[in-house]
Novice: 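Take this structure first; my questions come after.
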Amino acid sequence: MNFKIKTYEIITQSIENAVRHGKFPSDAQLPEVRIEYPREQHHGDTSTSFSLESAKILRRSPMSIGEDLKEYISAFKEIERVEVVKPGFINLFFSFETICNSLDEIVREKDKYGFIKKDKPEKINIEFVSANPTGPLNIVSARAAAIGDTLANILEANGNIVDREFYINDFGNQVRLLGESVLARINEIKGEKSEFPEEGYHGQYVKEIAQFIIDNFENEYEKITDRKELIDYLAVKAVRFNVESQRKDLEDFNVKFAKWFSERSLHESGEVTATLSYLEERGAVYEKEGRKIFRAADYGDDKDRVVVRNDGRPTYLLADIAYHRDKIKRGYDRIIDIWGPDHHGYIARLSGAMRSMGFDDGKFRVLIAQQVNLVMEDETVRMSKRLGNFSTMRELIDEIGVDAARYFFIMRSMESHLDFDLTLAKKESSENPVFYLQYAHARICSIFREAEKRGIDLSRHNRDISYLNNPESIYLIKLMIKFPEEVYSAGQSCEPHRISAYLMKLAQGFHKFYTEHRVLSDNLTKTSTYLTLVDSVRIVLKNGLRLLGISAPERM
RNA sequence: GCGCCUGUAGCUCAGCUGGAUAGAGCAACGGAUUUCUAAUCCGUAGGUCACAGGUUCGAAUCCUGUCAGGCGUGCCA
């Protein structure tokens with residue numbers, strides 16, 4: 001059962017009945033019925049402000065409209081009580097039996113509870129992290145990884161087919177600089193004189209790459225005499241090294257990409273030039289002073305953007321358009337990109353490009369994973385890849401663990417500028433909210449272990465829902481009823497943090513239940529009823545944690 | 001200058017796309033365990049929702065302006 005949908009049905013039918021009986025004029029333009037969850041429990045399970053919104057049109061007081069609807073609403077068997085209060089809210093209270101029946105649904109569906117099957121699944125591509133292959137992944141990438149993977153999980157739970165994708169920027173200036181940096185380090189190790197490139201990468205890992213290449217490819221690169229060719233060779237090797245280590249870090253973070261897409265491959269296959277002619281055919285590109293310029297301003301951007309420089313080299317934008325054209329060609333219904341905050345100025349031009357290629361506006365969405373301030377000992381740590389002074393995702397995983405790290409990133413909305421307190425996350429791991437969730441799950445498992453020890457067999461005993469007629473049990477059941485729609489709306493709004501907030505509430509509800517009620521007792525009917533309840537909680541917790549990519553331990 | 005994000009309890013942040021008396025965690029203080037795991041629970045305290053207008057039955061939420069912080073504003077990626 002779904003509270004909102006059920007309430008919507010009841011209200012709209014009640015309105016129809018009222019119209020049929022002449023309470024409301026049949027030609028009135030009534031507003032759309034909206035259902036809300038009241039903040040206060042005593043305001044009902046669901047409520048609607050329909051009478052407030054229709055008062056003007058019907059030229060009647062909201063209270064009297066509510067009173068008219070009340071008799072029709074209370075005729076529904078799911079509804080125990082209807083209230084019309086204060087300014088004109090209609091509050092609905094569901095019957096105890098209706099609510100308790102939902103437990104059967106949860107226990108029956110088990111690990112599928114909250115997961116929807118669609119007749120026509122959407123094919124969704126979600127691209128995230130896509131960090132430059134010039135070094136280890138940093139904290140911002142870790143945040144994007146946690147958010148992107150969780151969002152993908154949620155969209156899958158909503159019945160869609162989701163491909164996770166990583167775009168490798170293995171082309172252009174940065175990569176050349178990486179090659180130069182590696183060359184300098186190789187010469188250094190060999191005791192030869194070498195100037196380190198001014199804009200180069202100073203991190204320790206560059207030395208490791210240099211050593212790695214010396215150990216494995218010395219015979220190959222020594223044959224290359226042309227400096228430019230050598231740098232290119234080293235760059236390719238270094239990129240491969242970095243991509244592999246990024247892939248490993250991400251897999252250890254429970255993130256697996258279906259596709260690693262190389263930017264370089266777009267250039268080599270001719271897709272980039274093909275995309276240019278495609279845009280030219282559509283009249284979206286013009287030439288000026290030897291450059292080719294995309295008419296971004298015609299598609300919502302502030303100004304037009306260069307796609308081919310006057311020396312003939314394509315810009316990053318053109319490659320990116322080619323990349324997204326490839327995604328379109330692969331037949332996705334929806335395309336989602338998650339970018340870092342430093343790219344937000346780029347959204348307008350790429351969305352413009354999508355529009356110019358005729359891709360439906362609402363189907364392309366760029367989300368920004370906002371910055372992360374790493375806080376240590378109450379001081380903000382500045383992160384800079386080039387200066388080599390940054391905290392890596394690898395360090396994060398090693399320090400605080402995957403579960404805690406993922407949870408920290410997911411529990412905040414992605415557009416908030418996150419202060420990540422490393423000392424706290426490390427030091428006080430027992431106070432960490434993620435353990436609170438996991439502990440709830442472990443506690444329930446512990447109850448079942450004890451039940452088994454006592455030889456209690458659930459299937460042999462009857463249940464009696466009257467044992468659930470207490471505030472703690474009712475609170476839990478009502479909350480669990482809302483899980484599927486929580487998953488749905490988190491997917492619709494692309495807000496994974498809602499799931500973590502929801503699970504927090506559920507764990508809270510359970511811990512409270514646990515202190516108030518004893519599950520195992522001599523009364524086998526009561527025991528069996530309670531076991532069904534906590535089993536449901538365990539199912540929902542586990543399903544929710546699975547969405548977040550966090551483990552649900554059976555013991556702690 | 002222009003654009004994007006943010007501003008809510010001492011700190012970190014929620015607030016279900018406009019609802020009723022603004023919430024949680026942490027930190028502080030006081031209490032609870034002969035019981036299925038105390039990594040738990042209960043209570044107390046803590047607020048000019050940055051500020052000023054506007055929209056309406058009703059605003060933390062929407063519109064305008066101001067202030068503050070961050071980021072962006074390349075023929076870099």
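In what follows, chains carry the letters A, B, and so on, assigned in the order in which the sequence lines appear, proteins first and then strands, with residues in each chain numbered from 1.
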Novice: Excluding sequence neighbours, so at least two apart, what forms salt bridge (Lys or Arg N to Asp or Glu O under 4.0 Å) with A:Asp170?
Specialist: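 So A:Asp170 forms no salt bridge (Lys or Arg N to Asp or Glu O under 4.0 Å) with any residue.
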
Novice: Polar atom pairs between nucleotides 2-4 of chain B and protein, under 3.5 Å, N or O only, would you list them?
Specialist:
unit_1 : atom_1 : unit_2   : atom_2 : d
B:G3   : N2     : A:His344 : NE2    : 2.5

Novice: Do any N or O atoms of the protein come closer than 3.5 Å to N or O atoms of nucleotides 56-62 of chain B, and which pairs are they?
Specialist:
unit_1 : atom_1 : unit_2  : atom_2 : d
B:C57  : OP1    : A:Lys56 : NZ     : 3.0

Novice: Just jot down the salt bridge (Lys or Arg N to Asp or Glu O under 4.0 Å) partners of A:Glu450, sequence neighbours excluded, or say none.
Specialist: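 A:Glu450: salt bridge (Lys or Arg N to Asp or Glu O under 4.0 Å) contacts with A:Lys453, A:Arg454.
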
Novice: How is the base pairing of RNA chain B summarised as a dot-bracket string, given the Watson-Crick and G-U wobble criteria with both distances under 3.5 Å, [ ] for crossing and | for another strand?
Specialist: (((((((..((((.....[...)))).(((((.......))))).....(((((..]....))))))))))))....

Novice: I need the residues from residues 530-539 of chain A with at least one non-hydrogen atom less than 4.0 Å from RNA chain B; give them sorted by number, or say none.
Specialist: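 Of all residues in residues 530-539 of chain A, none places a heavy atom under 4.0 Å from RNA chain B.
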
Novice: Could you list, one pair per line, each protein nitrogen or oxygen that sits under 3.5 Å from a nitrogen or oxygen of nucleotides 29-31 of chain B, together with the distance?
Specialist:
none

Novice: Taking the same atom, C1', in B:G23 and in B:A38, what whole-Å distance lies between them?
Specialist: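 Between the two C1' atoms, the distance is 25 Å.
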
Novice: What pairs with A:Glu53 under salt bridge (Lys or Arg N to Asp or Glu O under 4.0 Å), at least two apart in sequence or on another chain?
Specialist: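 In terms of salt bridge (Lys or Arg N to Asp or Glu O under 4.0 Å), with neighbours along the sequence ignored, A:Glu53 is linked to A:Arg34.
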
Novice: Who pairs with A:Ser521 by side-chain contact (heavy atoms from CB on, under 4.5 Å), at least two apart in sequence or on another chain?
Specialist: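 With sequence neighbours excluded, A:Ser521 shows a side-chain contact (heavy atoms from CB on, under 4.5 Å) to A:Asn523, A:Lys526, A:Thr527, given in chain and number order.
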
Novice: Quick one: the side chain of A:Arg412 and the base of B:U12, do they pair up donor-acceptor inside 3.5 Å?
Specialist: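 A donor-acceptor contact between them is present.
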
Novice: Near RNA chain B, which residues from residues 502-517 of chain A have a heavy atom under 4.0 Å away?
Specialist: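 By residue number: A:Gln508, A:His511, A:Lys512, A:Tyr514, A:Thr515, A:His517.
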
Novice: Using a strict 4.0 Å threshold on nitrogen-to-oxygen distance, state whether A:Glu280 and A:Lys292 make a salt bridge.
Specialist: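 Judged by the 4.0 Å cut-off on N to carboxylate O distance, A:Glu280 and A:Lys292 do form a salt bridge.
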
Novice: Has the side chain of A:Asn91 got a donor or acceptor atom that lies under 3.5 Å from a matching backbone atom of A:Ser47?
Specialist: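 No, the answer is negative, given that no donor and acceptor are paired below the 3.5 Å cut-off.
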
Novice: Does any N or O donor sit under 3.5 Å from an N or O acceptor when you compare the side chain of A:Asp170 with the base of B:A77?
Specialist: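 No, the side chain and the base share no sub-3.5 Å donor-acceptor pair.
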
Novice: Does A:Glu263 have any salt bridge (Lys or Arg N to Asp or Glu O under 4.0 Å) partners at least two apart in sequence or in another chain, and if so, which?
Specialist: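 Salt bridge (Lys or Arg N to Asp or Glu O under 4.0 Å) check on A:Glu263 returns nothing, list empty.
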
Novice: What residues form a side-chain contact (heavy atoms from CB on, under 4.5 Å) with A:Arg325, not counting sequence neighbours?
Specialist: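 Partners of A:Arg325 by the side-chain contact (heavy atoms from CB on, under 4.5 Å) criterion, ordered by chain and then number, come out as A:Glu271, A:Ala274, A:Thr275, A:Tyr278, A:Lys329, A:Met357.
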
